[in-house]
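Notes to accompany the following structure.
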Amino acid sequence: QVQLVESGGGLVQAGGSLRLSCADSGRTFSGYAMGWFRQAPGKEREFVAGVSWSGGSTYYHDSVKGRFTISRDNAKSTVYLQMNSLKPEDTAVYYCATARGSSWSPLGNMYEYWGQGTQVTVSS
């Protein structure tokens, strides 16, 4: 059974940085794309970033391009989200998810397994 465990969230001032980690256990991590999503209070869940199974292809929501970087270490079965120049509007619960295949997708229903989420709060 796949289990995703996120870590690295917290409270940071605007302009600061955080790095989220998501460790995958239970199956062959390297064969599947991974994604990060977020959900702010009162808003729908939105796609943030995705990475292909090899790490060779990445994609970002327009709102985080140039500030966030997704990466993965298949040897450690871990995906990361480096978040720089954080803004108050980045405040949300961040979730990692395992795709159903090797390519990322911005659609939540293309992901099979989800972590429990980690809170990111950016103060102004």
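Predicted model only: the values in this text are computed from it and were never measured.
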To the nearest 0.5 Å, tell me how far [X] [atom1] sits from [Y] [atom2].
| X | Y | atom1 | atom2 | answer |
| --- | --- | --- | --- | --- |
| E44 | R38 | CD | CZ | 14.0 Å |
| M83 | L18 | CE | CG | 4.5 Å |
| T69 | L81 | OG1 | CG | 8.0 Å |
| C96 | L4 | SG | CG | 4.5 Å |
| R67 | L86 | CZ | CG | 6.5 Å |

Please check if the side chain of [X] supplies one atom and the backbone of [Y] the other of a donor-acceptor pair under 3.5 Å.
| X | Y | result |
| --- | --- | --- |
| T118 | G9 | yes |
| S52 | S57 | yes |
| R45 | Y95 | no |
| S124 | P88 | no |

Determine the minimum heavy-atom distance between [X] and [Y], stating which atoms define it.
| X | Y | result |
| --- | --- | --- |
| W104 | V51 | CB-N, 3.8 Å |
| C22 | M34 | SG-CE, 4.4 Å |
| R72 | Y32 | NH1-O, 2.8 Å |
| G16 | V12 | CA-CG2, 3.8 Å |
| L20 | Y94 | CD1-CB, 3.6 Å |
| E6 | G117 | OE1-N, 2.7 Å |

Subject >> Within 45° cone and under 6.0 Å: R19 NZ/CZ vs Y80 ring >> reply: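 Cation-pi check for R19 and Y80: passes.
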**OP:** Tell me whether the guanidinium CZ or amine NZ of K76 lies under 6.0 angstrom from the six-membered ring centre of F29 and within 45° of its axis.
**Re:**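 Relative to the ring axis of F29, which defines the angle, K76 lies outside at least one limit.
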Is it the case that one hydrophobic cluster holds both [X] and [Y], taking links as side-chain heavy atoms less than 4.5 Å apart, direct or via other members?
| X | Y | result |
| --- | --- | --- |
| V120 | Y60 | yes |
| V48 | Y113 | yes |
| V79 | Y111 | no |

Original post:
Between K65 and D62, is there a salt bridge with N-O shorter than 4.0 Å?
Top reply: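 Looking at D62 and K65, the cut-off is met.
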**OP:** Output the rest of the hydrophobic cluster of V5: all Ile, Leu, Val, Met, Phe, Trp and Tyr residues reachable through side-chain heavy-atom contacts under 4.5 Å, sorted by chain and number.
**Re:**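 Under the 4.5 Å side-chain rule, V5 groups with nothing.
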Applying side-chain contact (heavy atoms from CB on, under 4.5 Å), name anything that partners [X], two or more places apart in sequence or on another chain.
| X | answer |
| --- | --- |
| K43 | A40 |
| S103 | none |
| S102 | W53 |

Subject >> Pairing residues for F47 by the ring pair (Phe, Tyr, Trp, His ring centres under 6.0 Å) criterion, not counting sequence neighbours >> reply: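 Listed in chain order: F37.
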Subject >> W36: partners by ring pair (Phe, Tyr, Trp, His ring centres under 6.0 Å), with sequence neighbours left out >> reply: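 With neighbours one apart ignored, the set is empty.
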Original post:
Do we see a donor-acceptor contact under 3.5 Å between the side chains of N84 and S17?
Top reply: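 Yes, S17 and N84 have a side-chain donor paired with an acceptor closer than 3.5 Å.
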**OP:** Please step through side-chain contact (heavy atoms from CB on, under 4.5 Å) for the pair T91 and Q119, ending with a clear verdict.
**Re:** CA-CA 8 Å; T91 295; Q119 177 70 47; 4.0 Å; yes
Original post:
Got Q39 and E46 here, is their nearest side-chain heavy-atom distance under 4.5 Å?
Top reply: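 With C-beta onward as the side chain, the pair stays apart.
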